[in-house]
Amino acid sequence: MLAGAGIELERAEAAGHGRSIWIGENAVLDVAGRAVTATDARGNRYGQVNQGGSIVIGGEFDPATGIADASNLFVVVREGALLDASGTSAVLDIAGQGAVDVASAGGDITLASSHGLYLDGTLTASSGGAGAAGGSLTVALEAPLYRINSGIDPDERVRQAREFILTQESSGSELVTGIDAGAAADGLVYGRGRLGVDQIEAGGFDNFTLLSNGLLSFEGDLSLGMGQSLSLYAGAFGLADIAAEDTRVQLSA
């Protein structure tokens, strides 16, 4: 029975589908840090200033191996959705220093898929204030292995090369406004992912990791500078089809 179920699952994956982890337009995933303060008998403020938490959608990424345990589902974050792992701040009375504005670091957001990523919502993990670091954004587009000549050959829709495109400015959603997961299923394209530098900067991230188990393409002139770390993993680096031959890409951390 289990063997039969495994074969049916393999057939479904080989044929292609539009099943997804769908974060809708009005969704809010909030793991932002919170400050908890109180006043002691002497009137001094004390408490905890917690850093942002972690949001993991679709799987984790292992930087040691450069491999993500990405799900065989599309990851769709719709325009209007908010994923928030920001830090926070509070004024505490510190012995010998007086009133101090204490800020915490941003947390982590990880998004991984072996099929495709549509990242149109707001992703943020900014620091809570001066002296604290912004959080980390990790995006992974994996490529699963499919058997051929096994009687369950993968469909052409499934066998698309994986290509993640970085662009300076996001160009808006590739999905129709107001569409739901069921209606969008047939139109989700295998092997596609894209993200704008403006989305990374607006999110206050100081660390960015990107995996594309295939191509990592730059769509025109691009400048990306991270406050702490920048890690790019790909089978090949190049320019997107519409990029000019004299495109300049500047990366720094």
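Positions are given from 1, in the same order as the sequence printed here. Because only heavy atoms are used, hydrogens play no part in the values below, and waters and symmetry mates are left out as well, while side chains stay in.
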Undergrad: I would like to know whether Phe208 and Leu224 meet side chain to side chain contact (heavy atoms under 4.5 Å, CB included); could you show each step before the answer?
TA: CA-CA 10 Å; Phe208 178 52; Leu224 173 60; 4.0 Å; yes

Undergrad: Could you measure the distance from the CG atom of Leu222 to the CG atom of Leu251? Nearest 0.5 Å is fine.
TA: 6.5 Å

Undergrad: Indicate whether any N or O donor in one side chain lies under 3.5 Å from an N or O acceptor in the other, for Asn50 and Ser104.
TA: no

Undergrad: With rounding to the nearest 0.5 Å, note down the distance linking CG in Leu166 to CD in Glu219.
TA: 10.0 Å

Undergrad: Please say yes or no: joined through hydrophobic side-chain contacts below 4.5 Å, possibly via intermediate residues, are Met226 and Val249 part of one cluster?
TA: yes

Undergrad: State, yes or no, whether a side-chain contact exists between Leu141 and Asn213 at a heavy-atom distance under 4.5 Å.
TA: no

Undergrad: Does Asp206 reach the main-chain N or O of Gly134 with its side chain, forming a donor-acceptor pair under 3.5 Å?
TA: yes

Undergrad: Give the minimum heavy-atom separation between Ser113 and Val75, together with the two atoms involved.
TA: CB-CG2, 3.9 Å

Undergrad: Side chain to side chain contact (heavy atoms under 4.5 Å, CB included), that's the test. Do Ile109 and Leu29 meet it? Break it down for me.
TA: CA-CA 11 Å; Ile109 297 177; Leu29 305 184; over 6 Å; no

Undergrad: With heavy-atom distances below 4.5 Å as the criterion, would you say the side chains of Leu216 and Leu211 are in contact?
TA: no

Undergrad: Tell me, please, which residues at least two apart from Ser126 pass side-chain contact (heavy atoms from CB on, under 4.5 Å).
TA: Ser86, Thr124

Undergrad: Please name all residues satisfying side-chain contact (heavy atoms from CB on, under 4.5 Å) with Asp120, sequence neighbours left out, ordered by chain then number.
TA: Arg78, Glu79, Tyr118, Ser173

Undergrad: Within the distance-only criterion (no hydrogens, no angle test), does the side chain of Asp221 pair as donor or acceptor with the backbone N or O of Arg248 below 3.5 angstrom?
TA: yes

Undergrad: Under 3.5 Å, side chain of Glu142 to main-chain N/O of Ala68, donor-acceptor pair present?
TA: yes

Undergrad: Would you say the side chain of His115 lies within less than 4.5 Å of the side chain of Arg19, judging by non-hydrogen atoms?
TA: no

Undergrad: Check this for me, if you would: do Arg194 and Glu163 make a salt bridge, where the nitrogen-to-carboxylate-oxygen distance has to be below 4.0 angstrom?
TA: no

Undergrad: Search all heavy atoms of Val158 against all heavy atoms of Ala14 and return the closest pair with its distance.
TA: CG2-O, 3.5 Å

Undergrad: Compare all side-chain heavy atoms of Phe61 with those of Asp69 and state whether any distance is below 4.5 angstrom.
TA: no

Undergrad: Give, for atom CG of Leu73 and atom CG of Leu188, the distance between the pair rounded to the nearest 0.5 Å.
TA: 11.0 Å

Undergrad: Report yes or no: do Trp22 and Val56 belong to one cluster of Ile/Leu/Val/Met/Phe/Trp/Tyr joined by side chain heavy-atom distances under 4.5 Å?
TA: no

Undergrad: Checking Asp198 against Ser170 for the side chain to side chain donor-acceptor pair (under 3.5 Å) test, could you report, in this order, the C-alpha distance in whole Å, the side-chain angles of both residues, the deciding distance, and whether it holds?
TA: CA-CA 7 Å; Asp198 57 340; Ser170 55; 3.2 Å; yes

Undergrad: With rounding to the nearest 0.5 angstrom, report the CD1 to OG distance, Ile57 to Ser71.
TA: 10.0 Å

Undergrad: Counting C-beta onward and ignoring hydrogens, is there a side-chain heavy-atom pair between Val76 and Ile21 closer than 4.5 Å?
TA: no

Undergrad: Closest approach of Ala133 and Ser127, non-hydrogen atoms and distance?
TA: O-CB, 3.3 Å

Undergrad: What are the two closest heavy atoms between Thr247 and Ala243, and how far apart are they?
TA: OG1-CB, 3.7 Å

Undergrad: Taking Leu137 as the starting point, is it possible to reach Val31 by hopping between hydrophobic residues whose side chains are less than 4.5 Å apart?
TA: yes

Undergrad: Keeping Gln97 on the side-chain end and Ile94 on the backbone end, is there a donor-acceptor pair under 3.5 Å?
TA: no

Undergrad: Whether the side chain of Gln168 engages the backbone of Ser223 through a donor-acceptor N/O pair (distance < 3.5 Å, no angle test) should be reported.
TA: yes

Undergrad: Take Thr138 and Leu111 through the side chain to side chain contact (heavy atoms under 4.5 Å, CB included) test and state the conclusion after the steps.
TA: CA-CA 6 Å; Thr138 299; Leu111 305 159; over 6 Å; no

Undergrad: Please determine whether side chain to side chain contact (heavy atoms under 4.5 Å, CB included) holds for the pair Leu83 and Val77, giving the CA-CA distance in whole Å, both sets of side-chain angles, and the decisive distance to 0.1 Å.
TA: CA-CA 9 Å; Leu83 279 62; Val77 182; 4.0 Å; yes

Undergrad: Contact between Arg192 and Phe164 at the side-chain level, heavy atoms closer than 4.5 Å - yes or no?
TA: no

Undergrad: Should Val102 and Val91 count as side-chain neighbours, where that means a heavy-atom distance under 4.5 Å?
TA: no

Undergrad: Checking Ser252 now: which residues fulfil side-chain contact (heavy atoms from CB on, under 4.5 Å) with it, not counting sequence neighbours?
TA: none

Undergrad: Does atom CD of Glu174 have more than 12 heavy-atom neighbours from other groups under 6.0 Å away?
TA: yes

Undergrad: Taking C-beta and beyond as the side chain, do Pro63 and Tyr233 meet within less than 4.5 Å on heavy atoms?
TA: yes

Undergrad: Starting at CD1 of Ile55, measure out to CG of Asp84 and round the result to the nearest 0.5 Å.
TA: 7.0 Å

Undergrad: Scan for side-chain hydrogen bond (donor to acceptor under 3.5 Å, both in side chains) pairs involving residues 32-41, sequence neighbours excluded, and state none if there are none.
TA: Asp30-Arg34

Undergrad: Scan residues 93-116 for pairs that pass salt bridge (charged side-chain N to carboxylate O under 4.0 Å, His left out), counting only residues two or more places apart or in two chains.
TA: Arg45-Asp93

Undergrad: Residues two or more places apart in sequence or in another chain: which of them pass side-chain contact (heavy atoms from CB on, under 4.5 Å) with Asp180?
TA: Ala183

Undergrad: Say whether Leu232 and Leu195 are linked into one hydrophobic cluster, either directly or through other cluster members, by side-chain heavy-atom distances under 4.5 angstrom.
TA: yes

Undergrad: Report yes or no: does Arg162 contribute a side-chain atom to a donor-acceptor pair with the main-chain N or O of Ser114 at less than 3.5 Å?
TA: yes

Undergrad: Write down the atom of Ala103, the atom of Gly128, and the distance for their closest heavy-atom approach.
TA: CB-C, 3.7 Å

Undergrad: Same cluster for Val139 and Ile200 if Ile/Leu/Val/Met/Phe/Trp/Tyr side chains link at under 4.5 Å?
TA: yes

Undergrad: Report the distance from atom CD1 of Ile23 to atom CG of Leu119, rounding to the nearest 0.5 Å.
TA: 10.5 Å

Undergrad: Looking at Asp186 and Arg157, what are the two nearest heavy atoms and their distance?
TA: O-NH2, 3.9 Å

